[in-house]
Amino acid sequence: MEVKAKIKRILKLLAISAKMDLVWLLRDTKYALTGIASDMISNLSTVSAVYLIALRFNGIGGLNTDEILFMMSYSTITTGLFIMFGSGNNIHISRIIGRGQLEHLFMQPLSLKMQLFTNGFCPFTGGGNFLVGCIMLIISVRRLSLSITLGWLLSLIIYILATMTIIVARSYLVSTAAFYAPVAAEEISMTAIDGTWLLSTFPLSGMPAFLQVSLLTILPEGLMAWFPSLCLLGKTPLHFSKYYPLAFALILSLITSYIFRKGMNYYVKKGSNRYVPYGFRR
Amino acid sequence: MLKKDQIDMYPTDFAVKLSKVTKTFTQWQRDNTGQSLIRNLIKPEKRTIVALNDVSFHIRKGEFVAYAGPNGAGKSTTMKLLSGMLLPNSGDISVLSMSPQKQRTTLMQRLGILFGNRTELWWDHPVIQSFEWKKVVWDIPDQIYRQNLDMVTDLLDIGPLLKTFARELSLGQRMRADLAMMLLHSPELILLDEPTLGLDVVAKRQMIDFLKKINQENGVTIVVTSHDMDDLEEMAERILMISDGKIAFDGSFQELRNITGNLTRVVVAMEDSLVPQVKMGKLLSSDKGVYEYDIDLAQLPIKALLGQLSQVEGVRDIEIKKAPIEQVIAGLYRDWTGI
């Protein structure tokens, strides 16, 4: 019963965020549509560059053009989800911490987890990339003649969730620095996530093994699209287990949870000597 | 420490209870010399600031308490401790019989907080949209929401503002809208940190009248901080004065006056080259024909003061205001030390 009530509460919170997003879209439709279009164009440019190279050379590193398209669709879907759930700096949490805005969250009668999960949901202004990603996925799946089973769809969802967990965990991990150095680390999440985003859309097949391993462990860009896509295509690379992304997501989120909690404890003990109002509520 | 009456045990009907609370912060120190820069790389110089030093007090339910002190005295720190935004170094805090740290989410359903220099309104949405957002996040039942919305719309006169975007409101309007939003969930205790900061006379009056009304009629406990004695005396019955992290006074405004005198500042603006030749107290400053005096109304009643001023030739303007908190606290210290 309690779980049911909690789910209902989460849905209500997502619904009010969605409603506010729609209202915002309808108020400034012209600007909102421009924003959505530029988001989509920017993302499509990134993935189409890779796709065009694949077309020119008839594939990249052992992956044919349709497999590249599949990987691009995976990347676009995760980017889309990132934008759709992270409009309120809730994923770029270093901004909230660095600007001393966590106190606004403390005022709400909700756990921080629930607030951060629900308050950046913007399906209308932020759903464009996700939609394009889904369309690309359908096209690539048809071109690859993949047999879609319930198990495969579940695997797709689980891999996407694992990738999202890694993105969020990595953002929160580096954002912990903002507890200790609010000014210097205010934009650290942006640097950590967006700065490496371009790399995550490149197929790593054909690269030296040590680079591939590095990009799956130290800097997990390979887990953003390349590795999970190959797993879904039944071509798990490097003799890694197909469960590797899940294990990585779990371990990274546990480490992040521990370190972020330490940062939070530091924050409530020391406070923040900085408060800037911009970027908190749009 | 001066106290109205020493409390041996806490009553059960308290809204706020602080017991021996200490809160310190560290500040980085550095000068501009090269030597200091290098020394700080190895061993940074830090200074400990004691925001609250073994502070204890309690506030009963239904009280309207002014929490006063000069800038940097620890007022905002206390507010943040009461709302669970900060943890104390030592001591116990209880708010509405709950621990702000351990029961934050439950407490926030019954507590209202407003920082004068911040807004909870959604910037790019009409005010009513922020209210609706609050209804969902606080899970306010429809009937209560509707009742409270009607009440705040009427009392704070925000009807015309409801459809206006928050970013287009003036400071006074924004404060009224923020105050209204804070009250939508029927908080039992309200913490207001400098709510009158930057407000004009009319907006201030509206806010003060409203706060007094909800305190008297709805029994809402209110703790308000300010460094403006005029505002505080207008609003509250009891004043807690904090200075250097310690409670310097806890009692009524009348009791405070009995100790420090009725300290008042009189500013007299004169016509060119004229000087007010009256015995009004201590001249604090004079600049471009504006003379500021320090007066104790306990010794020179307002009637006598106005009588003197009416005899002065060339008076352009007169302003009478309460002495700043720093001076009141200095008076308290003088009383303790007998100087």
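Naming: A, B, ... by sequence-line order, numbering from 1 per chain. Here the structure is a predicted model, which means the values were calculated and not measured.
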message = Holding to salt bridge (Lys or Arg N to Asp or Glu O under 4.0 Å), I want the full list of residues that pass it with B/D92, two or more places apart in sequence or in another chain.
response = none
query = Is atom CD of B/Q143 surrounded by more than 12 heavy atoms (other residues, nucleotides or ligands) closer than 6.0 Å?
reply = no
message = Treating B/R104 as the side-chain partner and A/P109 as the backbone partner, does any N or O pair qualify as donor plus acceptor under 3.5 Å?
response = no
inquiry  = Could you check whether atom CZ of A/R261 has more than 12 heavy atoms from other residues, nucleotides or ligands sitting under 6.0 Å from it?
reply    = no
message = Need one label for B/E132: side chain, backbone, both or neither, based on atoms under 4.5 Å from any heavy atom in chain A.
response = both
note = Taken to the nearest 0.5 Å, the spacing of B/S130 OG from A/M20 CE works out to 5.5 Å
key: side-chain contact (heavy atoms from CB on, under 4.5 Å) evaluation trace for B/W133 with A/K19   = CA-CA 9 Å; B/W133 169 84; A/K19 186 188 170 190; over 6 Å; no
ask   = In Å, rounded to the nearest 0.5 Å, how long is the span from CE of A/M107 to CD1 of B/I113?
value = 5.0 Å
Just list the side-chain donor-acceptor pairs under 3.5 Å for residues 165-177 of chain B, sequence neighbours left out, or say none.
unit_1: B/R167; atom_1: NE; unit_2: B/D124; atom_2: OD1; d: 2.5
unit_1: B/S170; atom_1: OG; unit_2: B/Q173; atom_2: N; d: 3.3
unit_1: B/S170; atom_1: OG; unit_2: B/Q173; atom_2: OE1; d: 3.3
unit_1: B/Q173; atom_1: OE1; unit_2: B/S170; atom_2: N; d: 2.9
unit_1: B/R174; atom_1: NH1; unit_2: B/R118; atom_2: O; d: 3.0
unit_1: B/R174; atom_1: NH1; unit_2: B/D178; atom_2: OD2; d: 3.1
unit_1: B/R176; atom_1: NE; unit_2: B/Q206; atom_2: OE1; d: 3.4
unit_1: B/R176; atom_1: NH1; unit_2: B/L156; atom_2: O; d: 2.9
unit_1: B/R176; atom_1: NH1; unit_2: B/D157; atom_2: O; d: 3.1

query = Taking only residues two or more places apart in sequence or in another chain, which ones pass salt bridge (Lys or Arg N to Asp or Glu O under 4.0 Å) with B/E45?
reply = none
Atom OH of A/Y266 with >12 non-hydrogen neighbours under 6.0 angstrom = yes
request  = Please tell me if the side chains of B/F115 and A/H104 come closer than 4.5 Å, counting only heavy atoms from C-beta onward.
outcome  = no
message = Which atoms of B/K23 are under 4.5 Å from chain A, going by heavy atoms: the side chain, the backbone, both sets, or neither?
response = side chain
query = Checking heavy atoms, do the side chain of B/K80, its backbone, both or neither come under 4.5 Å from chain A?
reply = side chain
remark   = Of B/T105, B/T77, B/L81, the largest count of non-hydrogen pairs under 4.5 angstrom with chain A goes to B/T105
Segment of B/T26 engaging chain A (4.5 angstrom heavy-atom cut-off) = side chain
request  = Please name the pair of heavy atoms, one in A/K270 and one in B/L86, separated by the smallest distance, quoted to 0.1 Å.
outcome  = C-CD2, 4.3 Å
ask   = Checking B/D139 against chain A: side chain, backbone, both or neither under 4.5 Å from a heavy atom?
value = both
key: Heavy-atom contacts under 4.5 Å, residues 144-153 of chain B to chain A   = none
Under 4.5 Å from any heavy atom of chain B - which part of A/I16 = side chain
task = Could you tell me the separation between the CE atom of B/M85 and the CG atom of A/L102, rounded to the nearest 0.5 Å?
result = 10.5 Å
